[in-house]
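Worksheet: the structure to be examined is printed underneath.
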Amino acid sequence: MNNPAFTSFFASLEDLGRTLAKAARYAVSAIATMSWPTLLLSAVGLALLLTIVPLVLTLFVLFMVIKLVHGYVTDRATRGPATPFTPVKPEGE
């Protein structure tokens, strides 16, 4: 039994594989033609990108959570406990 959905999915995976192989061949040929200083700078830049960016994002989220928790705690302590809603009566009643 021939499943057209699986055939289409398999064709998409084959296309993806060919595209990734072509990109890898391009990257390898680009690296092979680089001079040593350029290769060193690109390696250092990639290492910094892969280590610094996740660290910065993690610290940003951590500090934002700390700021929100601190703001919630100090705001609640300043305002005191919540009071029930009492409507304001209009003039003349």
Side-chain angles (χ1 to χ4, degrees):
M1 187 164 158
N2 194 3
N3 187 349
F6 180 75
T7 305
S8 174
F9 178 69
F10 187 68
S12 296
L13 284 180
E14 283 181 332
D15 187 39
L16 177 66
R18 279 192 296 274
T19 304
L20 289 175
K22 185 178 178 181
R25 281 191 299 269
Y26 177 77
V28 167
S29 67
I31 289 172
T33 58
M34 283 183 185
S35 65
W36 285 104
T38 307
L39 187 62
L40 177 66
L41 285 177
S42 63
V44 169
L46 184 63
L48 286 174
L49 184 71
L50 291 175
T51 56
I52 299 298
V53 171
L55 177 66
V56 167
L57 291 175
T58 303
L59 288 175
F60 172 73
V61 169
L62 179 71
F63 289 149
M64 187 58 70
V65 167
I66 290 171
K67 178 182 176 181
L68 290 173
V69 168
H70 180 265
Y72 178 76
V73 169
T74 56
D75 187 42
R76 181 61 64 182
T78 303
R79 288 188 300 148
T83 56
F85 175 72
T86 54
V88 177
K89 295 182 182 178
E91 295 286 329
E93 287 186 24

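These values consider heavy atoms only, across backbone and side chains, with no hydrogens, waters or symmetry-generated copies.
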Path from [X] to [Y] over hydrophobic side-chain contacts below 4.5 Å:
X     : Y     : answer
Leu57 : Leu49 : yes
Leu68 : Val61 : yes
Val56 : Leu62 : no

Supply the atom-to-atom distance [X] [atom1] to [Y] [atom2], rounded to the nearest 0.5 angstrom.
X     : Y     : atom1 : atom2 : answer
Phe9  : Glu14 : CZ    : CD    : 11.5 Å
Leu46 : Leu41 : CG    : CG    : 12.5 Å
Met64 : Leu59 : CE    : CG    : 12.5 Å

Determine all donor-acceptor pairs shorter than 3.5 Å in which one atom belongs to a side chain in residues 23-37; sequence neighbours excluded.
residue	atom	partner	partner atom	Å
Ser29	OG	Arg25	O	3.3
Ser29	OG	Tyr26	O	2.8
Thr33	OG1	Ser29	O	3.3
Thr33	OG1	Ala30	O	3.0
Ser35	OG	Thr38	OG1	2.9

